[in-house]
Amino acid sequence: MFEHLAAGGTGQLGLGEEADADAAALAARQVALLKPRLEARLGELELEGLFAEVEMPLVGVLAEMELTGVAVDVDALAALGERLGARAKEMEADIYGLAGEEFNIGSPKQLRQILFEKLGLPPDRTKRTKTGYSTDADVLAGLSEHEIAAKVLEYREVTKLKSTYVDALPRLVNAETGRIHTSFNQAVTATGRLSSTNPNLQNIPIRGELGMEIRRAFVAGLPDHVLLSADYSQIELRILAHITGDENLIEIFLRDEDLHRAAASEIFGVGPGDVTPPMRSCAKMVNFGIPYGISDFRLAREMGVSVEEAGRYRERYFERFPRLGEYVEEMPKAARAQGYVKTLLGRRRPLPELRTRASGVRRAAERMAVNTPMQGSAADIMKLAMLRVRDSLRKRGLGAKMTLQVHDELVLETPRAELPETAALVRDCMAEAYELRVPLKVAVKAGGNWLEMEPAA
DNA sequence: CCTGACTCG
DNA sequence: CATCCGAGTCAGG
């Protein structure tokens, strides 16, 4: 049992004989066994403090989470799988009809031949892969002149979700526990985030009708328990406000304003009350793009405007949030001089590519220099929060178990009777995990499944 | 920008 | 026949 735990992540231990030992004891053994491995990986980055204070104790927390696992409604997934299988078959027939022949829709090469050669649809000449024109979702969405594009798009959605989630998840339910046990890997990402494999429970769908159906299948498995989800809201931009000291951005967070509305008001120079939905969604894209060190080119594509226009929005944005502009400008330079970037807790990411002459490679590294302090600091803070949650639950004798971490979200399964106390505790642990110049805001929700949740604290 | 899984060839 | 690998695509943050 627990073979999946032995396969990767923190689960390096074969658990066969110790199946009846309790989670804490197993976690302790994992800590002992994993220490050298983690030290080898993390020690290179001179993480002494971070390693002792965060990464080491976190090993035990992750091991407990892996052992706890999550419950899924297998019957619901089976029923959904039946429906999707039938739908995919119908769509397949439709697509063959429109194409005038049968082909492998899942082969980008064959699809490209049908769309751009046989049917003569216009490819997006700006989007090419190594082998030819791209057929990705963006491109297909632009091919509205032929019914087939929308059909293929829908076919892709259905088959992707069916094979990756609906069919795969039930097979990973452990026979002993009746639950799914992922592996959280602590030492693969460049930024300090966790990753999750076998299965990856950090990319469970949420968008779209079908995505929501899948998320609904993640349930509280124990009697009289509920799922509790706690989410940092806009943690990366809050960290950016902290790092840069941008007064305008800090003010928005101190007043707990609607960030996207406030940014739109600044960009377009209108009162907050006069922000229209398109203006808000435009500002939202800029806000999301900043942490990625987004290029005008990408921003333009996201917003559906010209590169010049996107450039004007970006300039306007940085006029109103000047310290952010300085940050985006200066961080790559400073990183180049240092050879690395650092997160709030001192985690280092070397970026030797900043000195490369090849501009594509260097630009990518420059975006990493912008992004990593935010993404990595958010990861640091979440890790501190998880340690705090574990200790606090223990101290208060609460029965809640952490089950998942999805970068800015923590999911627990908790006895319903303890929900109010647990919700408040998790909220406070996360909010107080690290003190910034702006508050850390946490949204806590609870419910019987991972989709339908109500505010809980 | 950071990931992991699936499919094809 | 089994297995590996790169490429393409797309799920999440």
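Reminder, nothing fancy here: chain letters follow the sequence lines and each chain counts from 1.
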**Item:** Ionic contact status for A:Arg316 with A:Glu319, cut-off 4.0 Å
**Value:** yes

**Asked** Hey, are the side chains of A:His242 and A:Leu344 touching, using non-hydrogen atoms and a 4.5 Å cut-off?
**Response** yes

**Request:** Could you work out which one of B:dT3, C:dC10, C:dA11 sits closest to the side chain of A:Ala137?
**Result:** C:dC10

**Test: A:Glu315 and A:Arg312 ion pair at under 4.0 Å** = no

**Prompt:** Can A:His260 and A:Phe288 be said to form a ring-ring contact (aromatic ring centres under 6.0 Å, His included), step by step?
**Reply:** CA-CA 10 Å; A:His260 303 312; A:Phe288 278 129; 5.6 Å; yes

**Asked** Given atom CG of A:Leu111 and atom C1' of C:dG8, what is their separation to the nearest angstrom?
**Response** 11 Å

**Prompt:** Going by atom types alone, do A:Asp380 and A:Thr343 pair a side-chain donor with an acceptor below 3.5 Å?
**Reply:** yes

**Message:** How many whole angstroms separate atom CG of A:Leu161 from atom P of B:dG4?
**Reply:** 20 Å

**Prompt:** With a non-hydrogen cut-off below 4.0 angstrom, is A:Leu194 in contact with a base, only sugar-phosphate, or nothing?
**Reply:** nothing

**Asked** So, A:Asp94 and A:Tyr155: side-chain donor and acceptor under 3.5 Å apart, yes or no?
**Response** no

**Message:** Without decimals, in angstroms, what is the distance between A:Phe288 CZ and C:dG12 C1'?
**Reply:** 13 Å

**Asked** Among A:Phe321, A:Tyr327, A:Phe318, which one satisfies side-chain contact (heavy atoms from CB on, under 4.5 Å) with A:Ile290?
**Response** A:Phe318

**Prompt:** Which nucleotide sits closest to the side chain of A:Arg156: C:dC10, C:dG12, B:dC2?
**Reply:** C:dC10

**Item:** Test: A:Arg362 and A:Glu366 ion pair at under 4.0 Å
**Value:** yes

**Request:** Look at all strands and tell whether A:Lys160 reaches a base, only sugar-phosphate, or nothing, counting heavy atoms closer than 4.0 Å.
**Result:** base

**Message:** Within 45 degrees of the ring normal and closer than 6.0 Å to the centroid, is that where the cationic atom of A:Arg349 sits relative to A:Tyr340?
**Reply:** no

**Asked** Do NZ/NE/NH1/NH2 and the carboxylate oxygens of A:Arg216 and A:Glu452 come within less than 4.0 Å?
**Response** yes

**Whole angstrom value for the distance that separates C1' of C:dC10 from CG of A:Asn203** = 9 Å

**Request:** Determine, stepwise, if the pair A:Glu154 / A:Lys151 fulfils salt bridge (charged side-chain N to carboxylate O under 4.0 Å, His left out).
**Result:** CA-CA 5 Å; A:Glu154 199 192 343; A:Lys151 287 273 186 214; 5.2 Å; no

**Request:** Kindly state which residues belonging to residues 70-85 of chain A come within less than 4.0 angstrom of DNA chain C, counting heavy atoms of the residue only, listed by number.
**Result:** none

**Asked** Taking only side-chain nitrogens and oxygens of A:Arg349, does any of them come within less than 4.0 Å of OP1 or OP2 of B:dC2?
**Response** yes

**Asked** Just how far, in rounded Å, is P of C:dG8 from CG of A:Asp136?
**Response** 11 Å

**Fill in**
Separation of C:dG13 atom P from A:Leu404 atom CG, nearest Å, is 13 Å

**Request:** Rounded off to whole Å, could you give me the NE2-to-P distance for the A:His407 and B:dT3 pair?
**Result:** 10 Å

**Asked** Between residues 361-378 of chain A and DNA chain B, which residues have a heavy-atom gap below 4.0 Å?
**Response** A:Ala364, A:Arg367, A:Met368, A:Asn371, A:Gln375

**Request:** Determine whether the side chains of A:Glu236 and A:Gln375 contain a donor N or O and an acceptor N or O closer than 3.5 Å.
**Result:** no

**Request:** Examine B:dC2: is either OP1 or OP2 under 4.0 Å from a nitrogen or oxygen in the side chain of A:Thr191? Give yes or no.
**Result:** no

**Asked** What nucleotide, of C:dG8, C:dC10, B:dT3, holds the atom closest to the side chain of A:Thr131?
**Response** C:dG8

**Asked** Does A:Thr129 put a side-chain nitrogen or oxygen below 4.0 Å from OP1 or OP2 of C:dG8?
**Response** yes

**Message:** Please report the distance, rounded to the nearest Å, between CG in A:Leu169 and P in B:dC6.
**Reply:** 9 Å

**Message:** Looking only at the side chain of A:Arg207 (C-beta and beyond, no hydrogens), which of the listed nucleotides B:dC6, B:dG4, C:dG12 gets closest?
**Reply:** C:dG12

I'd like a table of atom pairs between the protein and nucleotides 7-9 of chain B - only N or O on both sides, under 3.5 Å - with the distance next to each one.
{"residue": "B:dC8", "atom": "OP1", "partner": "A:Asn104", "partner atom": "ND2", "Å": "3.3"}
{"residue": "B:dC8", "atom": "O3'", "partner": "A:Ser107", "partner atom": "OG", "Å": "3.2"}
{"residue": "B:dG9", "atom": "OP1", "partner": "A:Ser107", "partner atom": "OG", "Å": "2.3"}
{"residue": "B:dG9", "atom": "OP1", "partner": "A:Gln110", "partner atom": "NE2", "Å": "3.1"}

